[in-house]
Amino acid sequence: MALKRIRSHGERTGVERTDVTIRRHSFTLDEPVAAGGTDTAPTPLEYVVGALNGCVTVLVDLVAADLGITVEHVVSKAVAEQDRDGIAGVPGVRTHFSSVRLDVQVTSSAEAGALEELAAEVERRCPMVNLLRDAQVEVDVLWSAA
C-alpha cells in the first residue's frame with residue numbers, strides 16, 4: 001500500500017476566515033459578506049470545486065502518459081450546486097453539494113477511442129471525482145475534444 005499522509009494547520013484569523021498551511025503553502029478561506037465573512041478568499045466548498053478542476057487536469061496528464069497519448073491542452077469548468085439551507089440547520093437538507101457538472105475539453109491528436117479510454121480512466125482514478133461520488137453527490141463529467 002502506498003499510503004500518503006497529508007497534514008494541515010488551520011487558524012481562525014477573523015470572523016468566518018481561516019488561514020491554512022499545507023507543507024510550505026498557505027491559503028485563506030473566507031465567506032461572502034452576506035454569510036458573515038469579508039469575501040477576501042474562496043469559501044471551503046469553492047476550494048473543493050477548484051480542487052476538482054485541478055485534480056482532473058493533473059490526472060489527464062498522468063493517465064495520458066500511461067496510455068501513450070499526447071495531450072496539448074486541457075481546460076475544465078465546473079459548476080456545483082448547494083442548498084444553503086443545510087448549513088442554516090434545516091433538517092434533512094445536505095450541507096454539501098447536491099450536484100456537480102464538470103466540462104473537460106482535451107486538445108489532442110489522439111483517436112476518439114483513445115480519448116474515451118483516457119476519460120474513463122481519469123474518472124476512475126481521480127480522488128476528487130470519487131470523493132464526491134462516494135458522498136453521493138451527482139457528478140456529471142462531460143468530455144469533449146478540441
Side-chain angles (χ1 to χ4, degrees), residues 1-12 16-32 34-35 37 39-146:
M1 178 192 298
L3 184 64
K4 178 181 180 180
R5 179 171 289 152
I6 298 172
R7 297 176 191 267
S8 68
H9 172 81
E11 183 173 341
R12 180 180 177 270
E16 303 290 330
R17 181 185 162 101
T18 303
D19 288 343
V20 176
T21 302
I22 299 175
R23 291 186 288 129
R24 64 185 179 282
H25 306 286
S26 298
F27 58 94
T28 300
L29 301 105
D30 198 359
E31 292 290 329
D39 201 23
T40 59
T43 69
L45 284 178
E46 289 168 338
Y47 272 108
V48 169
V49 175
L52 174 64
N53 286 104
C55 195
V56 165
T57 57
V58 166
L59 262 291
V60 166
D61 287 336
L62 176 69
V63 172
D66 288 351
L67 297 176
I69 297 171
T70 300
V71 172
E72 288 85 33
H73 193 63
V74 182
V75 176
S76 64
K77 298 178 181 179
V79 177
E81 292 187 350
Q82 173 200 25
D83 186 338
R84 298 281 297 177
D85 285 348
I87 290 176
V90 175
V93 178
R94 291 183 191 198
T95 59
H96 58 73
F97 303 123
S98 57
S99 66
V100 178
R101 176 186 165 136
L102 180 67
D103 293 295
V104 183
Q105 185 177 50
V106 178
T107 304
S108 174
S109 59
E111 298 291 324
L115 292 177
E116 288 172 11
E117 183 180 5
L118 172 69
E121 188 64 8
V122 167
E123 287 186 50
R124 185 184 76 78
R125 291 196 213 176
C126 181
M128 291 303 301
V129 167
N130 289 293
L131 179 67
L132 291 168
R133 286 182 174 156
D134 288 349
Q136 299 179 350
V137 174
E138 179 184 323
V139 180
D140 291 321
V141 185
L142 305 168
W143 294 85
S144 62

- Residue pair Thr107 / Ala146: nearest heavy atoms and the distance that separates them: OG1-CB, 3.2 Å

- Message: Would you compute the distance between atom OG1 of Thr57 and atom CG of Leu52 and round it to the nearest 0.5 angstrom?
- Response: 9.5 Å

- Message: If you define the side chain from C-beta out and look only at heavy atoms, does anything of Pro44 sit under 4.5 Å from Val48?
- Response: no

- Message: Any heavy-atom pair between the side chains of Trp143 and Val106 that's under 4.5 Å?
- Response: yes

- Query: Okay, side chain of Asp140, backbone of Arg101: is any donor-acceptor separation there less than 3.5 Å?
  - Reply: no

- Query: If you take all heavy atoms of Arg84 and Ala35, which pair is closest and at what distance?
  - Reply: NH2-CB, 3.8 Å

- Can you check whether Arg94 reaches Val137 side chain to side chain, under 4.5 Å on heavy atoms? yes

- Message: Assess the residue pair Arg125 and Asp66 against the criterion (side-chain contact (heavy atoms from CB on, under 4.5 Å)); give the C-alpha distance rounded to whole Å, side-chain angles, the decisive distance to 0.1 Å, and a yes or no.
- Response: CA-CA 12 Å; Arg125 291 196 213 176; Asp66 288 351; 2.8 Å; yes

- Message: How close do Thr70 and Ser108 get, counting heavy atoms only, and between which atoms?
- Response: O-OG, 2.6 Å

- Query: Do Val100 and Val49 touch side chain to side chain, with heavy atoms closer than 4.5 Å?
  - Reply: no

- Query: Which heavy atom in Thr43 sits nearest to a heavy atom in Glu31, and how many Å separate them?
  - Reply: CG2-OE1, 3.6 Å

- Heavy atoms, side chains only, cut-off 4.5 Å: are Leu59 and Pro127 in contact? yes

- Determine yes or no for a side-chain-to-main-chain donor-acceptor pair under 3.5 angstrom, with Asp19 supplying the side chain and Leu29 the backbone. no

- Message: If we ignore hydrogens and angles and just use 3.5 Å, is the side chain of Gln82 paired with the main-chain N or O of Thr95 as donor and acceptor?
- Response: yes

- Close side-chain approach of Val139 to Phe97, heavy-atom, < 4.5 Å: no

- Task: For residues Asn53 and Leu102, determine if any side-chain heavy atom of one lies less than 4.5 Å from a side-chain heavy atom of the other.
- Result: yes

- Message: Tell me if a side-chain donor or acceptor on Asp30 pairs with a main-chain N or O of Thr40 at a distance below 3.5 Å.
- Response: yes

- Task: Go through Gln105 and Asp103 one step at a time and tell me if the side-chain contact (heavy atoms from CB on, under 4.5 Å) criterion holds.
- Result: CA-CA 7 Å; Gln105 185 177 50; Asp103 293 295; over 6 Å; no

- Query: Can you tell me how far CD of Glu138 sits from CZ of Arg133, rounded to the nearest 0.5 angstrom?
  - Reply: 10.0 Å

- Message: Looking at every heavy atom in both Glu16 and Gly37, which two are closest together, and how far apart are they?
- Response: CB-CA, 3.7 Å

- Query: Leu67 and Glu117: which non-hydrogen atoms are nearest, and at how many Å?
  - Reply: CD2-OE2, 3.5 Å

- Just how far is it from atom OG of Ser99 to atom CG of Asp83, taken to the nearest 0.5 Å? 11.0 Å

- Query: For Leu118 and Val122, what are the C-alpha separation, side-chain angles and deciding distance, and is it a side-chain contact (heavy atoms from CB on, under 4.5 Å)?
  - Reply: CA-CA 6 Å; Leu118 172 69; Val122 167; 4.0 Å; yes

- Any chance you could measure His9, atom NE2, to Ile22, atom CD1, to the nearest 0.5 Å? 11.5 Å

- Message: Walk me through whether Val63 and Arg124 qualify under side-chain contact (heavy atoms from CB on, under 4.5 Å).
- Response: CA-CA 10 Å; Val63 172; Arg124 185 184 76 78; over 6 Å; no

